[in-house]
Amino acid sequence: MAAEDPGGVSRTPVCLCVLCGLPAAGKSTLAPGVLRTAAQRGWRASVLPYDDLIPEHAFQNRVLEDNGKLQDMHTEWKSHRQAVLRCIEQFLEKPQVLTEKQGSCQINRTAWEQCIKTLMQPDDSNQDPLLFVLDDNFYYPSMRYEVYQLARKYSLGFCQVYLQCDEESCISRNQSRSKPVPTEVIVEMVQRLEPPNPQKNSWEKNSILLNTKENLSDNDIQKVMELISSAMCNPLSLVEDNTEQMEADRLKCATSVVHQADQACRRLISDTMKTARENQVPPEKMKCLAARLNESKAAFLPNLRRQLLEDAAFLQDEELDVERVVKRAIDVFDRERKEILSFITNGK
């Protein structure tokens, strides 16, 4: 959508609306209502469901590990999610081109073409507002920030809708789906999910929260449409903002630290289980040991990420020495690991 490209949609109001929340929180229920209302207003609108756009094989490594825990989807899905954004960018640049090699190789091409079918216009001069509704969990701020960066690059509108729903309700709804997500995924995502926080991240100021424990109402749809309209009328500026760059750097640093800490924790757990087997620890204690270690890791990593993001001064001192930060974090986990091992094997 470069200004010098007459084939793009540079003078068309465009908004990228991010829907985020737990699986079965109501995103796929909200999206059709937004589309209907957008159509009534004469907008061209489309929902981009990441579950459909990301190829099936990408889910094989996403869902469960050998120890039954959710893998870090930020790592596993990063290239696929970025491919979705590249396809959006390609459409903005060349609205009449369905897909190009750059992005289509990592997304479901058929699903993408279906998504933008309603956006295709034979007349390049069509100036109807354009709305992309991105439907994914977006549980880390860094995932949402990638969308924000795209909106800012092209001076588009940007907004976020956080669908808040309790764990029990999501699990119950999920069980009635034709293709339910494993319950373990929802349980662990509850610990990982970081809702939009405009107080901490200034770029998330254009966000609203919808409580979706009960059925969505017409009033909820109206709130979302008002948010989107405001975003379209107030597109992001291309002017550099050092504060936002610092926030982006913090996100990048924290993500790197947590990823490396995750890998180190896995190795420690694997080594611990191997040593326990060699010492002929009874099967029932082995099972308990594995469960306790994995529970400890599942709680440790989100807490580590939260600490890094909240302690800006600490990150500024350490961001050039990620290895040192990881080592400090792993020392903490290792102490807890040893306590768990002693408690299980010695019965105290």
Side-chain angles (χ1 to χ4, degrees), residues 9 12-53 84 88 91 111 114-121 126-139 143-144 147-148 150-151 156-174 176-178 181 186 189 193-198 203-236:
V9 288
T12 301
V14 182
C15 181
L16 303 183
C17 177
V18 170
L19 304 185
C20 57
L22 295 173
K27 297 183 293 297
S28 59
T29 301
L30 172 64
V34 171
L35 287 192
R36 287 193 298 272
T37 308
Q40 292 170 1
R41 297 188 178 192
W43 298 356
R44 289 178 290 155
S46 179
V47 175
L48 307 183
Y50 278 44
D51 284 355
D52 294 339
L53 291 170
V84 174
I88 295 175
F91 179 85
Q114 185 64 34
C115 286
I116 63 173
K117 185 177 180 180
T118 58
L119 307 181
M120 304 291 289
Q121 295 290 342
N126 189 293
Q127 299 298 304
D128 292 337
L130 191 61
L131 170 64
F132 293 92
V133 179
L134 285 68
D135 177 358
D136 191 30
N137 304 121
F138 287 107
Y139 59 94
M143 296 174 173
R144 304 190 292 269
V147 183
Y148 171 85
L150 176 61
L156 312 179
F158 172 80
C159 61
Q160 301 180 137
V161 180
Y162 171 51
L163 286 78
Q164 183 182 59
C165 188
D166 62 277
E167 178 181 339
E168 293 75 14
S169 297
C170 288
I171 291 175
S172 176
R173 292 175 186 172
N174 176 64
S176 65
R177 287 176 161 180
S178 57
V181 174
I186 298 179
M189 195 175 292
L193 179 63
E194 297 179 36
N197 188 341
W203 57 271
E204 294 195 289
K205 63 183 180 181
N206 211 17
S207 306
I208 61 171
L209 179 153
L210 296 181
N211 189 320
T212 57
K213 182 175 181 179
E214 305 297 334
N215 292 331
L216 288 165
S217 65
D218 291 339
N219 187 46
D220 291 325
I221 301 292
Q222 182 62 28
K223 288 180 181 178
V224 174
M225 296 309 296
E226 290 174 357
L227 176 73
I228 294 172
S229 295
S230 175
M232 280 189 174
C233 293
N234 299 280
L236 301 180

Point-to-point distance, once rounded to the nearest 0.5 Å, from [atom1] of [X] to [atom2] of [Y]:
| X | Y | atom1 | atom2 | result |
| --- | --- | --- | --- | --- |
| Q40 | R36 | CD | CZ | 8.5 Å |
| D136 | D51 | CG | CG | 6.5 Å |
| L131 | I228 | CG | CD1 | 4.5 Å |
| L134 | C17 | CG | SG | 8.0 Å |
| N234 | C15 | CG | SG | 10.5 Å |
| I171 | R173 | CD1 | CZ | 12.0 Å |

Can you check whether [X] reaches [Y] side chain to side chain, under 4.5 Å on heavy atoms?
| X | Y | value |
| --- | --- | --- |
| Y162 | E204 | no |
| I221 | L216 | no |
| C233 | P13 | no |
| R41 | S229 | yes |
| L53 | C115 | yes |

(request) Could you tell me which non-hydrogen atom of K223 sits nearest to which non-hydrogen atom of L210, and how far apart they are? (result)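 Shortest heavy-atom separation between K223 and L210 comes out as CD-CD2, 4.3 Å.
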- Walk me through it: do F91 and L130 pass the test side-chain contact (heavy atoms from CB on, under 4.5 Å)? CA-CA 11 Å; F91 179 85; L130 191 61; 3.9 Å; yes
Just by modelled atom types, is the [Y] backbone N or O under 3.5 Å from a matching donor or acceptor in the [X] side chain?
| X | Y | result |
| --- | --- | --- |
| D166 | E168 | yes |
| K213 | Q164 | no |
| N137 | G21 | yes |
| N174 | C170 | no |
| T37 | G33 | yes |
| S230 | L227 | no |

Exercise. What's the verdict on side-chain contact (heavy atoms from CB on, under 4.5 Å) for W203 and L236, showing C-alpha distance, side-chain angles and the deciding distance?
Worked result: CA-CA 10 Å; W203 57 271; L236 301 180; over 6 Å; no
Worksheet item: Can you name the one residue among L35, L30, V34 that meets side-chain contact (heavy atoms from CB on, under 4.5 Å) with V47?
Response: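 Running side-chain contact (heavy atoms from CB on, under 4.5 Å) over L35, L30, V34 with V47 returns exactly one hit, L35.
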> Among D220, N219, N215, which one satisfies side chain to side chain donor-acceptor pair (under 3.5 Å) with S217?
Replying inline: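 So the option named by the test is D220.
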Test log, rule side-chain contact (heavy atoms from CB on, under 4.5 Å), inputs C20 and M143:
CA-CA 10 Å; C20 57; M143 296 174 173; over 6 Å; no
Item to complete: On the 0 to 90° scale, with breaks at 30° and 60°, tag the F138-Y50 ring pair as parallel, tilted or perpendicular.
Response: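 Aromatic pair F138/Y50 classed perpendicular.
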- Task: For the pair Y148 and F158, name the ring-plane relationship: parallel under 30°, tilted 30 to 60°, perpendicular over 60°.
- Result: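 It falls in the perpendicular class, over 60°.
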key: Modelled atom types, side-chain donor and acceptor of R44 and T12, under 3.5 Å   =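 Per modelled atom types, R44 and T12 side chains form no pair under 3.5 Å.
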request  = Show your working on side-chain contact (heavy atoms from CB on, under 4.5 Å) between L22 and C165 and close with a plain yes or no.
outcome  = CA-CA 7 Å; L22 295 173; C165 188; 5.8 Å; no
